[in-house]
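Okay, so here's the structure we're looking at.
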Amino acid sequence: MPAILDYRAALPRQLAFRFLPDGTSETAVDWSYQDLAAHAGRVAAELLRRQATGRRVVLALDPGLHYVAALFGIFQAGATAVPSFPPTGKRAVARFASIVEDCAPEVIIADTRLAKRVEQFEAELPAGVARPGWMFVDDAFFDGEPGPEAPRVPVTEPALLQYTSGSTGDPKGIVLSHDNLVSNCVALEENMGYEPDRVGCTWLPPYHDMGLMGTIMLAVHGGWPLVLMSPAHFVQQPYRWLKAVTDHKVTISVGPNFAFDLCTTSVTDEELATLDLGSLRQVFCGSEPVSRATMDAFLERFAACGYDETALIPCYGLAEATLYVSGKATGTAVRTERLDKAALENGLVRRTEAPGTDGVARIVSCGAVAEGHEVVIVDPESRRPVETGHVGEVWVSGPNVAQGYLGRPGPTAETFTAHLAGSENERTFLRTGDLGFLLDGELFITGRLKDLIVIAGRNLYPQDIERTVQGAHGKLRGSAVFSVAGESGEDLVVVTEFRGTARQLALEIDEVLEAVIASVTAEHGVRPADVHVGPVGAIPMTTSGKVRRNATRKAYVQGSLKKLALATDDEPLSV
Ligand code: 649
């Protein structure tokens with residue numbers, strides 16, 4: 001990656017990044033590749049002075065140009081970048097501390113305004129964890145006299161550690177090599193084709209795989225300009241995304257399903273009249289299930305602005321595969337299969353002619369598997385490929401598959417080097433934990449084997465939320481947190497066990513529900529759609545005492561979970 005930036009900076013001046021600091025085009029700041037290389041050089045020089053080569057460097061800046069400069073500075077210095085965010089707010093501090101503890105960085109790059117919070121943050125780190133060096137940067141740092149040019153260091157260390165996998169209590173850093181980063185760009189470019197007038201736009205968080213490997217690195221690799229906006233500006237006013245597309249004649253953009261919903265429901269008629277989406281030729285949609293209902297509503301609302309659904313590229317990927325696994329071919333129609341819902345729940349792919357949506361699952365195709373990669377649909381129990389027409393776990397092999405989880409040989413072997421039954425000496429696969437099927441060479445994602453919950457583009461780990469639930473009220477014991485399909489995305493459901501008598505529960509139920517909803521919403525930023533309080537023993541467990549979330553979910557959906565026994569007896573509640 002650093003060599004690619006050097007190459008672009010040696011060519012005649014061209015626009016690399018256009019940042020919209022307030023989310024509008026009025027205050028846009030432009031950087032050429034030369035600007036980017038110069039700013040990155042200052043970061044690299046300081047990192048070399050601090051002897052960070054071959055060490056890990058956490059990037060804790062706000063989204064923006066400095067973030068990109070610091071990222072490439074870390075590459076130039078031959079260090080491993082750990083993309084993160086400023087540790088402000090309770091949730092972010094806890095997550096950030098768990099990352100720092102796991103990867104033991106040499107340096108943390110943060111904004112100068114964070115300097116006064118360091119003590120507060122370090123108090124979160126357990127004793128015995130080495131205190132990292134802080135490198136505070138601001139405009140003055142970047143605009144100062146350029147330091148001596150950073151020498152090119154051989155890139156033998158991993159390029160990047162991606163923390164999207166694992167809960168706060170158990171973070172897992174995915175190790176990506178420079179080869180992974182480049183092969184991911186090449187695979188996406190195979191899909192996108194070449195366009196001389198390509199302009200990208202993104203508001204995705206730069207510390208998430210889709211924002212980083214999908215937009216920033218891809219743009220530098222491909223040599224086309226990228227319009228950047230912070231995620232907060234998008235979420236506050238989704239119209240800003242579409243206005244930026246209009247203002248800068250953007251041809252390629254991206255967003256998870258929830259972003260399309262936000263636009264449809266929040267853009268006013270007056271705003272709509274100012275939009276022209278006709279320049280868009282590729283609009284990637286991935287990271288959570290692509291809902292046909294959401295896509296229909298978006299098309300209906302924005303067709304008047306020149307939006308053409310042929311531009312939409314439903315796609316699938318995960319950080320364990322650097323990013324990209326599959327996507328619709330550019331310029332083709334979106335393919336949606338109408339399947340028998342009941343059959344699908346039993347793992348069978350059956351087309352249905354039934355009208356309407358009752359008993360029908362509309363599954364949007366995530367397109368063909370990336371060039372140079374292979375997907376096999378596998379029965380997770382027997383580890384044999386399933387027959388055509390069956391749902392199974394999605395296994396991936398190819399150059400995008402990452403190196404493993406930092407310092408965790410067990411989970412790495414389990415997830416990254418799986419073997420099909422009877423082929424122990426042959427190719428290894430990444431087990432994605434996702435469920436899907438292949439049809440005519442196209443991948444359809446139908447569900448998840450792993451417990452991960454994805455809401456509004458955020459990955460939530462049930463064990464983190466379960467800890468919050470149990471701390472929310474003194475009489476709550478076990479809990480199981482999972483998601484169910486909602487209107488257009490996933491809905492969060494909490495099942496928890498009350499320790500006490502039925503009489504006590506009858507008296508305290510309102511208080512319990514309120515405490516659970518308030519703490520989960522405050523700690524995790526998601527409001528549970530339903531809270532089910534049952535007696536002790538209501539939640540199915542494994543023999544070793546682990547929560548069986550999928551079994552709990554099944555019982556909840558079927559309505560067979562032990563209900564609240566609101567009898568007036570004084571016997572302790574139990575199953
Ligand atoms: C998924 C990332 C998909 C993710 C994105 C290609 C400007 C604009 C656009 C541009 C360049 C410049 O969520 C990425 C491929 C973007 C090209 C943009 O080009 N990673 S994750 O590790 O955080 O989560 C992975 C999990 O999310 C779920 C699965 O459970 C997966 O294991 N997921 C999906 N679930 C259902 N349907 C899908 N399509 C899903 N994609 C991811």
Side-chain angles (χ1 to χ4, degrees), residues 1 4-5 8 11 13-21 23-25 28-33 35-36 63-65 67-69 71-72 83 181-182 184-231 233-234 238-256 259-260 263 275-287 302 306-308 310-315 317 322-324 327-328 330-331 457:
M1 290 312 295
I4 291 163
L5 176 58
R8 302 226 169 274
L11 296 173
R13 220 177 156 75
Q14 271 189 357
L15 178 63
F17 290 94
R18 171 167 292 168
F19 180 51
L20 313 182
T24 75
S25 302
V29 182
D30 285 357
W31 270 14
S32 64
Y33 293 101
D35 294 326
L36 174 56
L65 296 171
Y67 199 101
V68 184
L71 175 72
F72 279 88
L181 300 184
V182 172
N184 178 68
C185 291
V186 171
L188 273 165
E189 284 160 2
E190 283 289 340
N191 169 298
M192 291 154 41
Y194 173 77
E195 278 173 358
D197 58 348
R198 176 166 284 148
V199 177
C201 174
T202 178
W203 50 263
L204 294 174
Y207 49 83
H208 183 249
D209 57 350
M210 197 151 82
L212 194 65
M213 272 67 80
T215 70
I216 293 170
M217 286 199 216
L218 189 63
V220 173
H221 187 268
W224 36 270
L226 185 63
V227 179
L228 292 174
M229 178 189 303
S230 87
H233 283 129
F234 163 73
Y239 164 70
R240 289 171 176 152
W241 175 28
L242 304 181
K243 186 67 167 63
V245 167
T246 305
D247 290 349
H248 306 285
K249 301 200 168 33
V250 167
T251 68
I252 177 169
S253 199
V254 53
F260 292 75
C263 288
L275 296 177
D276 179 357
L277 306 181
S279 58
L280 284 172
R281 287 190 293 253
Q282 282 134 351
V283 185
F284 284 84
C285 179
S287 166
F302 296 104
Y307 172 71
D308 173 358
T310 315
L312 181 68
I313 305 187
C315 56
T322 309
L323 174 70
Y324 182 63
K328 194 202 80 173
T330 289

In terms of heavy-atom contacts, Gly255 and Phe260 come closest through O-CE1, 3.3 Å
Exercise for review: Report yes if the side chains of Met217 and Leu188 come closer than 4.5 Å at any heavy-atom pair, otherwise no.
Suggested key: no
Quick check: does any side chain N or O of Arg8 sit under 3.5 Å from a backbone N or O of His221, one acting as donor and the other as acceptor? yes
Here the pair of heavy atoms bringing Leu323 nearest to Gly214 is CD2-CA, 3.3 Å
Taken in chain and number order and not counting sequence neighbours, the residues that satisfy side-chain hydrogen bond (donor to acceptor under 3.5 Å, both in side chains) with Ser32 are Arg13, Gln34, Asp35
Notebook entry, point to check: Is there side-chain contact between Leu218 and Glu189, with heavy atoms separated by less than 4.5 Å?
Noted result: yes
Pairwise side-chain contact, Leu228 with Tyr67, heavy-atom cut-off 4.5 Å (strictly under): no
Task: 4.5 Å side-chain heavy-atom contact, His248 and Ser25 - done: yes
Can you say whether the rings of Trp203 and Trp241 are parallel (under 30°), tilted (30 to 60°) or perpendicular (over 60°)?
perpendicular
Do Met192 and Ile252 come close enough that some side-chain heavy atom pair is under 4.5 Å?
yes
Distance col, row Phe284:CZ vs Ile313:CD1, nearest 0.5 angstrom, shows 4.0 Å
CD of Glu195 to OG1 of Thr330, rounded to nearest 0.5 Å, is 7.0 Å
Working note: Val227 + Asp247, criterion side chain to side chain contact (heavy atoms under 4.5 Å, CB included); need CA distance, chi angles, decisive distance, verdict. CA-CA 10 Å; Val227 179; Asp247 290 349; over 6 Å; no
Next item on the list: Before giving the answer on side chain to side chain contact (heavy atoms under 4.5 Å, CB included), spell out for Tyr307 and Leu275 the whole-Å C-alpha distance, their side-chain angles and the decisive distance to 0.1 Å.
Entry: CA-CA 10 Å; Tyr307 172 71; Leu275 296 177; over 6 Å; no
Do the side chain of Lys243 and the main chain of Gly23 share a donor and acceptor less than 3.5 angstrom apart? no
CH2 of Trp31 to CG of Leu65, rounded to nearest 0.5 Å, is 5.0 Å
Quick check: does any side chain N or O of Asn191 sit under 3.5 Å from a backbone N or O of Lys328, one acting as donor and the other as acceptor?
-> yes
On a heavy-atom basis, the closest approach of Leu212 and Pro83 is CD2-CG, 3.4 Å
So Pro256 and Leu204, do their side chains get closer than 4.5 Å, heavy atoms only? yes
Ignoring hydrogens and angles, state whether a donor on the side chain of Asn184 or Thr322 is under 3.5 Å from an acceptor on the partner side chain. no
Notebook entry, point to check: Within the distance-only criterion (no hydrogens, no angle test), does the side chain of Ser253 pair as donor or acceptor with the backbone N or O of Cys201 below 3.5 angstrom?
Noted result: yes
*Met210 vs Thr215 side-chain heavy atoms within contact, under 4.5 Å*: no
Determine whether a donor-acceptor pair (N or O, by modelled atom type, separation under 3.5 Å) exists between the side chain of Thr251 and the backbone of Ser279. no
Scanning both residues in full, the closest heavy-atom pair of Lys249 with Val199 reads O-CB, 4.0 Å
* To do: Taking the side chain as every heavy atom from C-beta outward, state whether Tyr33 and Leu11 have any pair of such atoms under 4.5 Å apart.
  => no
Looking only at heavy atoms, the pair that brings Leu242 and Thr246 closest together is O-OG1, 2.8 Å
Closest non-hydrogen atoms of Phe234 and Cys263, given as atom of the first, atom of the second and distance, are CE1-SG, 4.3 Å
